[in-house]
Amino acid sequence: MKYGIVSIVGKPNVGKSTLINGIFKKEVVISSSKPQTTRNMIEVTYDDLDGYVIDFIDTPGLHTPKNKLDLFLNSQVKASLKKSDFILFIFDVSRDYDEEDAECLKVLKDFHAENVILVFNKIDLKPEAELARIIEFVKHQFSFNDYIQISANNSSDISKVVEKITSNLKEYEGDDSDLKVMKKDISDKFFISELIRKIIINNFRQEIPYGIAIVIDELKYDETKKMLSIIYSIIVEKESQKPIIIGKGGKMMKNINIILRNELLKIYDCKIFTNSFVKVKRDWRNSVTQMKELGYKK
């Protein structure tokens, strides 16, 4: 059996989560067209290939911090590097190489990262000649082991990434049966909280999505009724944000729950009941204590 831990890193919104979902052929981590969607270092185990087990770590986009939550997000990336056998650095060819890309590579250099594979994503968005120029420039910005060109929405390109990873894996030195015990799956509670956050990210403008957190207060399955009950709270930073989330006559909150139930019905073969609250925790993104209470722990 061959085994490895692979961190996927890059600046915000380059397609890290989309790549992982493409590999798993389902949404195991939330993705959005808006930057800074991923907030945690998320580990999931891929074992769909005979003779191979891969632990993927999806990381938040490295970016210039504006508050303590941003510092936490960046620390999650650095923590992932310590655990990894090798790293996929994702570069979005549709955007210019900039300070955030340079900062990501600086983190890798300072960490003395080895076994780094450069993944050029969204190659379908650039003419061939321009793409060649970008590739030539970026691949000389770091001592990469190898590079690959993909579009994360293309299944055949996803297969190339998996092949590239498996060719770099080493034999697992322990008992193969241990790998099944070590298997990392995302819990229902975490997945549902992330799904709620994604719905809010996609339905609200400007800063509101980045100032919210989700707490699952209760997650309970009733065998008799065949019903999954979810009670959750949306945490906002300011009193003025609360009526925006709720909406006039509760309309926005009602819409969030309708979308949530529809999404969950695609996954769970049972009835879905949801009940939600909006609570204010002032400036929680700058409070280490409140961040820990909301699940953002190093």
Side-chain angles (χ1 to χ4, degrees), residues 1-10 14-31 37-61 75-91 104 107-108 111-121 144-195 267-268 297-298:
M1 182 71 73
K2 289 190 173 184
Y3 171 73
I5 301 174
V6 182
S7 278
I8 302 183
V9 303
V14 293
K16 299 183 293 296
S17 299
T18 301
L19 176 59
I20 285 189
N21 290 334
I23 290 169
F24 281 80
K25 298 178 182 174
K26 61 181 179 180
E27 188 168 46
V28 293
V29 291
I30 68 166
S31 60
T37 302
T38 302
R39 276 190 181 168
N40 299 77
M41 178 175 69
I42 303 170
E43 296 184 57
V44 281
T45 301
Y46 182 76
D47 58 358
D48 284 358
L49 298 170
D50 287 338
Y52 298 97
V53 175
I54 308 164
D55 277 348
F56 284 100
I57 304 179
D58 187 22
T59 64
S75 76
Q76 292 279 281
V77 180
K78 294 170 185 176
S80 79
L81 300 180
K82 295 177 183 177
K83 307 176 70 168
S84 303
D85 295 305
F86 63 98
I87 297 155
L88 299 184
F89 174 75
I90 313 296
F91 180 79
C104 290
V107 169
L108 296 183
F111 188 77
H112 304 293
E114 298 177 347
N115 303 325
V116 182
I117 297 171
L118 171 58
V119 180
F120 291 102
N121 190 23
F144 296 104
N145 287 52
D146 204 350
Y147 73 91
I148 185 171
Q149 305 173 45
I150 69 161
S151 171
N153 292 313
N154 185 311
S155 58
S156 62
D157 283 357
I158 295 296
S159 298
K160 291 178 191 174
V161 176
V162 174
E163 287 169 15
K164 185 70 72 175
I165 292 168
T166 54
S167 68
N168 282 273
L169 294 182
K170 296 178 181 178
E171 292 287 342
Y172 179 64
E173 294 179 355
D175 188 328
D176 290 354
S177 61
D178 291 342
L179 290 176
K180 298 298 180 184
V181 177
M182 290 160 55
K183 183 178 173 69
K184 298 175 181 73
D185 286 322
I186 294 172
S187 70
D188 286 344
K189 186 175 279 193
F190 180 77
F191 177 78
I192 292 168
S193 68
E194 287 287 272
L195 180 57
I267 302 164
Y268 297 100
K297 301 174 184 177
K298 291 186 180 181

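Values in this document were obtained by computation on a predicted structure and should not be read as measured data.
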I'd like to check V9 versus V107 (side-chain heavy atoms, cut-off strictly below 4.5 Å). Are they in contact? no

Between the OG atom in S84 and the CD atom in E114, the distance rounded to the nearest 0.5 Å is 12.5 Å

Do F111 and K82 pass the side chain to side chain contact (heavy atoms under 4.5 Å, CB included) test, and can you show the C-alpha distance, the side-chain angles, and the key distance before you say yes or no? CA-CA 9 Å; F111 188 77; K82 295 177 183 177; 3.7 Å; yes

Shortest non-hydrogen contact from S80 toward I57: CB-CG2, 3.8 Å

Check G10 against F89 and note the closest heavy-atom contact, atom names and distance. CA-CE1, 4.1 Å

Close side-chain approach of D188 to Y268, heavy-atom, < 4.5 Å: yes

Do N121 side-chain atoms and A152 backbone N/O form a donor-acceptor pair below 3.5 Å? yes

Distance, nearest 0.5 Å, that separates CG of D48 from CZ of F24: 7.5 Å

Listed partners of N115 passing side-chain contact (heavy atoms from CB on, under 4.5 Å), at least two apart: F86, N145

Quick one: which residue pairs count as a side chain to side chain donor-acceptor pair (under 3.5 Å) with a foot in residues 159-172, not counting sequence neighbours? D146-K164, D157-K160

For I267, give me all partners under side-chain contact (heavy atoms from CB on, under 4.5 Å), at least two apart in sequence or on another chain. F191

State, without any angle test, whether N154 and S156 hold a side-chain donor-acceptor pair at a distance under 3.5 Å. yes

Does F144 have more than 12 heavy atoms from other residues, nucleotides or ligands lying within 6.0 Å of its CZ? yes

Between OG of S7 and CD of Q76, what distance do you get to the nearest 0.5 Å? 11.0 Å

Side chain to side chain contact (heavy atoms under 4.5 Å, CB included) with V6: of I87, I165, V161, I117, only one passes, and it is I165

Interatomic distance, NZ@K25 vs OH@Y46, rounded to 0.5 Å, equals 6.0 Å

Say you draw a straight line from CG of D55 to NZ of K83; how long is it, rounded to the nearest 0.5 Å? 8.5 Å

Before giving the answer on side chain to side chain contact (heavy atoms under 4.5 Å, CB included), spell out for I23 and I54 the whole-Å C-alpha distance, their side-chain angles and the decisive distance to 0.1 Å. CA-CA 11 Å; I23 290 169; I54 308 164; over 6 Å; no

So which atom in N21 and which in V29 form the shortest heavy-atom distance, rounded to 0.1 Å? ND2-O, 2.8 Å

Quick one: pull up OG1 in T59 and NZ in K78 and give me the separation to the nearest 0.5 Å. 12.5 Å

For the backbone of I8 and the side chain of D58, can you confirm whether one donor and one acceptor N or O come within less than 3.5 Å of each other? no

